[in-house]
Trainee: 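Below is a structure I'd like to ask you about.
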Amino acid sequence: MTESYVKKLSFTLLDAIPDKDPAVQEQVCSALCSLGEARPEEMLCACEKYLRQHDKICVPVESSSPLVMSSQKEVLRCFTVLACCSPDRLLAFLLPRLDTSNERLRVGTLQILRHIINSAAAQMEVKKPFILSSMRLPLLDTNNKVKRAVVQVISAMAHHGYLEQPGGKVMVEYIVHQCALPPEQEPERPSTDGEETADSVRLVSIRTLYLVSTTVDRMSDVLWPYLFEFLTPVRFTAALTPLCRSLVHLALKRQEAGADTFLVQYDAYAHANLPSPYAVTTRLLVVSSNPYLGDGRGAASLRLLKVLHGSIHPLLGQRWEITVPLLLEYLDEHTKETLSQKEWEEKLLVFLRDTLAVISDNMWICQLSLEMCKQLPSYSGTPQEKNFLYKCIGTTLGATSSKEVVRKHLRELLETARYQEEAEREGLACCLGICAITHLEDTLAQLEDFVRSNVLRKSIGIFSIFKDRSEHEVEKVKSALILCYGHVAVRAPRELVLAKVESDILRNMSQCFSTKVLGIKVETKDPALKLCLVQSLCMVSQAVCSSAQASAFYFSRKAELVAQMMEFIRAEPPDSLRTLIRKKAMLACTYLVNLEPALEEQAQADVIHGCLHSVMALPPESNGEDSMCQEPLYLDTMHALEDLLTSLLQRNMTPQGLQLMIEHLSPWIKSPRGHERTRAVDLSACLLQYFLEHLHVSALVPFHNLGLLVGLFSPRCADTWPATRQEAVGCVYSLLYLQLGYEGFSRDYRDDMAERLLTLKDGLVHPDPTILFHTCHSIAQIIAKRLPPDQLISLLLTMFEGLVDPDKNCSRAATVMINCLLKERGKVLLEKVPEIVSVLRSKLQETQEEHVLPAAQHSVYLLASQHCAAVVSSLLGSPLPFDSHTCALWRALAVEPSLTTQVLGLLLEKMSRDVPFKESRTFLLGSTPDRVATLLPLAATCALYEVVSAPASGTAVLELYPQLFVALLLRVSCTVGVQLPRNLQAKEKRSTGTAPVARNLDPCSTAVDTLQALLLQGGSQDVVQRVELGGGWELLRTSAGHENGVTQLASAMAKCAGPRLPLLMKALVCTQDSVYEIQRVTSTAFLAELLSSNVVNDLMLLESLLDSLAARQKDSSASVRRLVLRGLANIASGSPDKVRAHSSQLLTAMISGLDDGDDPHSLVALEAMVGLARLLHLVEPRDLRSVLLHTAIRIRPFFDSEKVEFRTASIRLFGHLNKACHGDCEDIFLEQVVGGLVPLLLHLQDPQAPVASACRFALCTCIPHLEREELAAAFQKHLQEGRSLHFGEFLNSTCKHLMHHFPELLGRLLSTNLFYFKSSWDDVRAAAPMFTGFLVLHTEPEHRLQVDLEQLIAALQLLLRDPVPGVREKAAETLGRLVKFA
C-alpha cells in the first residue's frame, strides 16, 4: 500500500468521523485504529497533515451523550498510539497550540496533553522539562475553563513526577493561587455558548491540592515544607483551609515516618522562604478568630497548630493535646450564626495565655510579640482580625517579664496605629488594657507620655512622624487614647486601679476630651470622641464598682461625671437612634450611681427624667437600614435604661422609692403615642419584677402605694397596643404579690385570685372590644377582692385620671373598672364620697369623649345606691350654676325608681331645711332690706329640676307628686323678688353674651322651671299649657302678679288635674302654719281658688277646704285674711248650691272682714265687700236681716274712698243690699237709702267709670224703696243700661221729684251736698253745687226754713275761688238761684 494511498484512506476516514450514525462512527474509528497499527508512520503523517487542515480535533467535546463521549475516547486512543509511536512529532504538533489565543483550542490541547501524560508516561519521561516549560502561557490565562484544564494537567503531572522537576513548584504555587480565588469571582451562570460550568476553578484546585497531598506519596517532599510558604502571605488567605488540611496530612505522614523527620528543620531549609514558628503561630491564631470563613479555616488552623506543636515549641505537645481539642469541640457545637465572637476570641486569648505560660520563655515570648507587631500591617484589609491581633499582642506583652520590651512595643503601637480605623482604635485599646493586667504602671506611663507629646496638635513640625495632622485626625487619636484608658481601667487589677482612677486615668481622659483655647476649656462635638469617652467612663465606673473596696471608695468626681453623661444624652437627637452614645452613657450612669457619694435627690430626678425623655420619645424601632431607630440598637439602649433605673431603685428599695420611679414613668405610660406607652409599661414591668424578686420585709408594713400603682397600670390592660396590654397585666400581677409580701406571705406563696390574672391574658389578645372590656371587668373584680380597704380610694382616684387618657381603649377600660370597683367595694367609701364626686366632675370637664359621661353617670348611680345621702350632699356642693356635666350626674340618679324616690326625698329635705333667703341692707341702714337666696335650697331646687326632668324619673315623681308640687309651689312663693348672692350675680353677668352652659339661676325662675318640669313629668302637660296661655308662669315670678299666677295654677289644676287635688290639698293645708307669710299667702291663694271650681264639691273636699280657710281668718297676715275671704266667696262660683248651707259661716266671715281693724289698707274689707256682693243673692233672706243695716253702715265710708276699688265695691255692695232687702227690713233700710242718695247721685260724675257704673246699679236698686213711680220712671229713663247720661237733665228731674214728694228732706240733702263742696274730684265738686241749685230751684217757699242760707252762701263763695272754672260756674249758677229765697 503506497504512502499516497494511506494518506487518502486516512483523510477519507477522518472526514467520516462526524457521521451522525453511531454504527458508521464505530466502524470509522475501528478502521482508523487498524490503519494506525498497520502503518503507523504513514498514518501519523496523514493525521498531522489532516490536523493542520482541521483544528477541531483539539477542540473539547460539548456534549455528554454516550456516543460523543465514546468518539472522544477513540480519538484520544489515537493520540496515545501516536504518542507511543512518535512522541516528538506529537508534542511538536500539540505544544504550539498552547500558545494560541483561542480558548477552545487551548482547552482541547490541554485535555489531550493531560491524556498523553497519563497514557504515555514512559514516552513522556524525557520530555518533562519541555512540557513544563510549555505551560508558561497557559498559567497566565485568566479564563476559567483554561484554568480548570491547567489544574487538571498539573494534577496529572503530579502523579507522574513532573512537579519534582525544576519549575514544578511553579505549578504548586499555581494550584494554591487558584485555591485562594475569592468565591464571588466564580461564574455562576452558563457560559456564552450555553454550556453549564461543570465545577468551579477554586473547588477543583482545592480538591486537586488535597488529593495530591494525600494520595501521591512522591509529592510529600515537594509539598513539605514548601506549602508553609503560603501560610503567612495575605494574598493566600482564602487558601488557608486547604493548605492547613494538606499540611496536617503531610505532617501526620511524616510523624508516622518518624519523630525526627516530622519536625520542620529550619536549618535544612536555610534557603527556603519558610515562616518562623512565631509567624506560623501568629498567623494561624489570628485567622482562627473568624473560624467559619473559608470553609472553616479556624478548625483547620487549630489542627495544624496542634500537629506542629513540636515545631512551634518543644513544651507544647502535651498541653495542646488537651486545649486544642476543646477549642475544636466548641466550634463543632456552634455555627456561624450561633457563635459568640466575643466568647470565641476570649477562648483563643486564654489559649494563647496558657501557651505562653507553658513555654515560660521570655526570649521566645519577646520574639513572638515582635512577630505579631510585624504582622499588624498585613491585616489592614481585615479589621476584625487586626483587632484580634492587637489583643494577642497585649496578651503576649502581658506575659513577658521585660519591661523594656513592653515599653518599646507600646510606644511603637501608639505611634504607628492607624487611628482613622475604628476597629484598630478598639484593638489598640484592648491591647493596652490586656497589657495593663501585669504592666499597669508601664502602660499608664506610655499613655501619659503619648498624651503629653505634641501628637494632639494639628501640626507639630516637620521632623515628627505625625506631620500635619488634621483636626479630624487629632480627634481620632484622642478617641483612641480615651478608649485606651477605659480598657486599662477595666482590665487592670482592681486593687491598683482605685488609686489611679482620679489622679491619672480620669485626669488624662479629661485632658484628651477637652482642649484649651486662649485658656478657655473647649469640649469637642465629635460624636466618635464622645462615644469613646462614654465607653471609657463606663469601663472605669465598672472597674470601680467591681472592686472589693468599692463601698469604701469616695468618688469625688461622681456628680460631675454623671452631669457630663447627661449632657451627652440630652445632646442626642430626639428623633433618631443611630449611635451607641445613649446606651453607653446610661451604662456609665448605672455604674456611677452605685458609688459614693449618693446623688442628690434633684440630680437623681434629672438623670431619670433625662434618660427617659431621650429614649422614650424615639420613633418606633425597625430593622431597616434607613430607619431612624434600628431594633437591635434600640433593644440594647432599652436594656441600658432598664439597668440604670434598676440601679437607682436598688438604692431605695421601699414603696416610696418604687413610687418615685413609676412617677417618672407615668407621663410616658399615659402618652398619646402607642410605642411610648409600650416602652414605659415594659420598663415598669421590669422594675416591679425586680422589686418583687428582691423584696425583703423585715416587719409587716402597709404597701401604701398599691392603690395608686394598680390604678395607673390596670386601665392599660385595654391599650390599643397588644404588647402594652400583656405587660400591664404583668404589672398588676406583680403589684398584687408585692401586697401579699408586705402582708407577710412567703415569696413562693401562690394566690388563686392573683394567678387568675395570668389566665386572663388570652382575653387581652383579642381585638374585639366586647371581649377586651369583659376581661378588664374580670381583672377589676380580682383587684377589688385583693385590695386593702385603705387603698381603695387612691386606686379609684388614680383610675379617675384614666378617664382622660389619650388612648380611648384605656379610658373605656378605666370606666369599666371604676364601676366594677364601686359595685364590689362601694360600701366602704362613705367618707370618700365627696372627694370621688368632685374628681368625677373635674374629669368630665377635662374630656370630651362621649363614653366618659355615661360611665361617670353609672359611677354616681352605683355610689348613690349605696350612699345616697352622701352623693346628694356632694353633688349639692357643686358650684352654681350647675354645668352640663353636673346636671348629667344628677340625671343619673333618676335611673332606678327606688333610688330616685330616695333622692327626691333628700332634695325636698335639703330645700326646706335651710331658710330660703337672708335679709341684708345694702347701703343705708334705713333702706328696705334685700332678700338674698341661700345656696343650699337654691342648689336643691336646681338638682330637683335635673332629676325630675329625666325621663326615667316618672315613677318616682308620681309617687311623690303632692310633696314635690307643694314644696316647689312654696319655693316659688318664697323666692319671689329674692336676689342671687353677689358672687353668683357676677357669674350670671359673665355668662351674658356667651353660649349658655346652664339654665337661668334666678331663684324664683329656677323654682318655676322645676315646678313646670314636675307637672310635665307627672302627666300634667295640660296644666302647663293652660297656665302658659294665661301668662301665669310669668306672673308667678313677679311680686305683683304672684297671687294671680297662683290663682291661674290652681284653676288649671282644678280643671285638668282634679284627681290629684285631695293629696295636694292635704299637703298644702299642712303648710298653712309656715313661718313665712308669703308661703301662707300662696297656699291660701291656691286653696281659695280651688273653691271657685265645682271639682272640690265633686271630690267631697268642700267641707275640709272651708274649714281650712276659716281657720286662717285670724292669721296675722292681712293678705292671708283677705285671700280667706276670697276663697269663701268663691263658693258662690264653684258650689252655689252650698252657699245657703254655709250662709251663716260665710256672712260672719265677711262681716268680720268688714270690721278688720288690723289692715291699714283695708284690703280685707275690700275683699269682704266683693265677697258679700257675690254671696248676697244666694243667702237666705232671713240670714241677711240681721246684717243688712250693719253692713250698710260699715260700707258707707268707702263711698268716698280715694281708691276706686273701694268706691266701686262699696257702692255696688250697697246696690246688692238694696236688692236683697225684702219684707219688713225695707223700713229699716229706707233710712240708709235716703242717706246714700246724695253720694250715689254725685258719684255718677265720678272720674272712674266703674264707680259711675256702680252708682247707676245702686240707684236703680234704691229707688224702689222710695215707692214713687214718677221718680222710679225718671231713674229708669236716664239710668238704663247702655244709655249715655245727661247728668244736668237727670239731676234736675230727680230734684224736682224729690222736692215734690219728699220736701222734708231738703235740709238733709243740702247739708250732705255741702260735704261734697270739698271733694277732691273736680266733677263731683261741680256736681254738688249743681245738685244744691236744682234743689233750691224746685223747693217751695214754705220749706225755706230748712235752708241755712248763710252757711250755703259761704260755701258757695268758697267755690267761686275754686281753680276749676266748671266748679266756679256751677257755684255762680246756684248763687243765682238763691235769689228765690231773698
Trainee: Can we say Arg407 and Glu441 salt-bridge, meaning some charged N sits less than 4.0 Å from an Asp/Glu carboxylate O?
Mentor: no

Trainee: Does one side chain, of Gln318 or His309, offer a donor that lies under 3.5 Å from an acceptor on the other?
Mentor: no

Trainee: Spell out, as yes or no, whether a donor-acceptor pair under 3.5 Å connects the side chain of Ser155 to the backbone of Thr208.
Mentor: no

Trainee: Of Glu422, Glu421, Glu415, which meets salt bridge (Lys or Arg N to Asp or Glu O under 4.0 Å) against Arg418?
Mentor: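 So the option named by the test is Glu421.
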
Trainee: For a side chain to side chain contact (heavy atoms under 4.5 Å, CB included) check, start with the C-alpha distance between Leu506 and Leu537, then their side-chain angles and the critical distance, and finish with the verdict.
Mentor: CA-CA 8 Å; Leu506 289 177; Leu537 183 56; 4.0 Å; yes

Trainee: Heavy atoms, side chains only, cut-off 4.5 Å: are His159 and Thr215 in contact?
Mentor: yes

Trainee: Any idea which heavy atoms bring Ser536 and Met509 closest together, and the distance?
Mentor: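 Distance-wise, the nearest heavy atoms are CB-CE, 3.5 Å.
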
Trainee: Is there a salt bridge (charged side-chain N to carboxylate O under 4.0 Å, His left out) between Glu343 and Lys347? Walk through the geometry before answering.
Mentor: CA-CA 6 Å; Glu343 291 182 9; Lys347 285 184 176 294; over 6 Å; no

Trainee: Have Ser288 and Trp344 got a donor and an acceptor in their side chains that come within less than 3.5 Å?
Mentor: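 Side-chain D/A pair, Ser288 to Trp344: absent.
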
Trainee: Among Phe230, Phe228, Trp224, whose ring pair (Phe, Tyr, Trp, His ring centres under 6.0 Å) with Tyr226 holds?
Mentor: Phe230

Trainee: Under 3.5 Å, is there a donor-acceptor pair between the side chain of Arg747 and the main chain of Glu693?
Mentor: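 The answer is yes, because a donor-acceptor pair under 3.5 Å joins these two groups.
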
Trainee: Quick check against the 3.5 Å criterion: does His439 have a side-chain atom that pairs as donor or acceptor with the backbone of Leu397?
Mentor: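 Such a contact is found between His439 side chain and Leu397 backbone.
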
Trainee: Using side chain to side chain contact (heavy atoms under 4.5 Å, CB included), reason through Val544 and Tyr591 one step at a time and then give a plain yes or no.
Mentor: CA-CA 8 Å; Val544 176; Tyr591 292 117; over 6 Å; no

Trainee: With heavy-atom distances below 4.5 Å as the criterion, would you say the side chains of Val307 and Gln255 are in contact?
Mentor: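 Not touching, per the 4.5 Å side-chain cut-off.
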
Trainee: Out of Arg254, His249, Lys253, which one pairs with Ser220 under the side chain to side chain donor-acceptor pair (under 3.5 Å) rule?
Mentor: Lys253

Trainee: For residues Phe555 and Leu592, determine if any side-chain heavy atom of one lies less than 4.5 Å from a side-chain heavy atom of the other.
Mentor: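 Yes - at least one pair of side-chain heavy atoms lies under 4.5 Å apart.
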
Trainee: Evaluate the salt bridge (charged side-chain N to carboxylate O under 4.0 Å, His left out) criterion for residues Lys391 and Glu346: first the C-alpha distance (whole Å), next the side-chain angles of each, then the deciding distance (0.1 Å), finally the verdict.
Mentor: CA-CA 9 Å; Lys391 296 176 183 178; Glu346 187 58 36; over 6 Å; no

Trainee: Could you point out which residue of Leu641, Thr637, Val534 forms a side chain to side chain contact (heavy atoms under 4.5 Å, CB included) with Arg582?
Mentor: Thr637

Trainee: Have a look at Cys512 and tell me which of Leu529, Leu481, Leu533, Leu483 forms a side chain to side chain contact (heavy atoms under 4.5 Å, CB included) with it.
Mentor: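 Running side chain to side chain contact (heavy atoms under 4.5 Å, CB included) over Leu529, Leu481, Leu533, Leu483 with Cys512 returns exactly one hit, Leu481.
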
Trainee: Any donor and acceptor pair, going by atom type alone, linking the side chain of Gln375 with main-chain N or O of Ala279 inside 3.5 Å?
Mentor: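 Indeed, once roles are kept as given, a pair shorter than 3.5 Å links the two residues.
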
Trainee: For the pair Glu345 (side chain) and Asn290 (backbone), establish whether a donor and an acceptor sit closer than 3.5 Å, ignoring hydrogens and angles.
Mentor: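 No, because the side chain of Glu345 does not come within donor-acceptor range (under 3.5 Å) of the backbone of Asn290.
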
Trainee: Is the shortest heavy-atom distance from the side chain of Leu368 to the side chain of Leu356 under 4.5 Å?
Mentor: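 Answer yes - side chains close enough.
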
Trainee: Can any side-chain N or O of Thr400 pair as donor or acceptor with the backbone N or O of Ile365 at less than 3.5 Å?
Mentor: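 Judged by distance alone, no pair lies under 3.5 Å.
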
Trainee: Decide side chain to side chain contact (heavy atoms under 4.5 Å, CB included) for Leu444 and Ile505; before the verdict, give the C-alpha distance in whole Å, the side-chain angles of both, and the deciding distance to 0.1 Å.
Mentor: CA-CA 8 Å; Leu444 287 176; Ile505 296 175; 4.2 Å; yes

Trainee: Please check this pair: side chain of Thr646 against backbone of Glu642, looking for a donor-acceptor N/O pair closer than 3.5 Å.
Mentor: yes

Trainee: For residues Tyr690 and Leu645, determine if any side-chain heavy atom of one lies less than 4.5 Å from a side-chain heavy atom of the other.
Mentor: no

Trainee: Taking the side chain as everything from C-beta on, heavy atoms only, tell me whether Leu370 gets closer than 4.5 Å to Lys374.
Mentor: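 When only atoms from C-beta onward are counted, Lys374 and Leu370 do touch, with a gap below 4.5 Å.
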
Trainee: Would Glu404 and Lys408 pass as an ion pair if we require N to O under 4.0 Å?
Mentor: no

Trainee: Looking at Thr281 and Pro277, would you say the former's side chain and the latter's main chain have a donor-acceptor pair under 3.5 Å?
Mentor: yes

Trainee: If you look at every heavy atom in Cys244 and Leu304, which pair is closest and at what distance?
Mentor: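 In this case the closest contact between Cys244 and Leu304 is SG-CD2, 3.7 Å.
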
Trainee: Thr237 and Arg283: side-chain donor and acceptor closer than 3.5 Å?
Mentor: yes

Trainee: Do the side chain of Tyr292 and the main chain of Leu331 share a donor and acceptor less than 3.5 angstrom apart?
Mentor: yes

Trainee: Quick one: do the Gln367 and Glu371 side chains pair a donor with an acceptor below 3.5 Å?
Mentor: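 The answer is no; no qualifying pair exists.
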
Trainee: Ignoring hydrogens and angles, tell me if any N or O in the side chain of Asn387 forms a donor-acceptor pair with the backbone of Pro383 under 3.5 Å.
Mentor: no

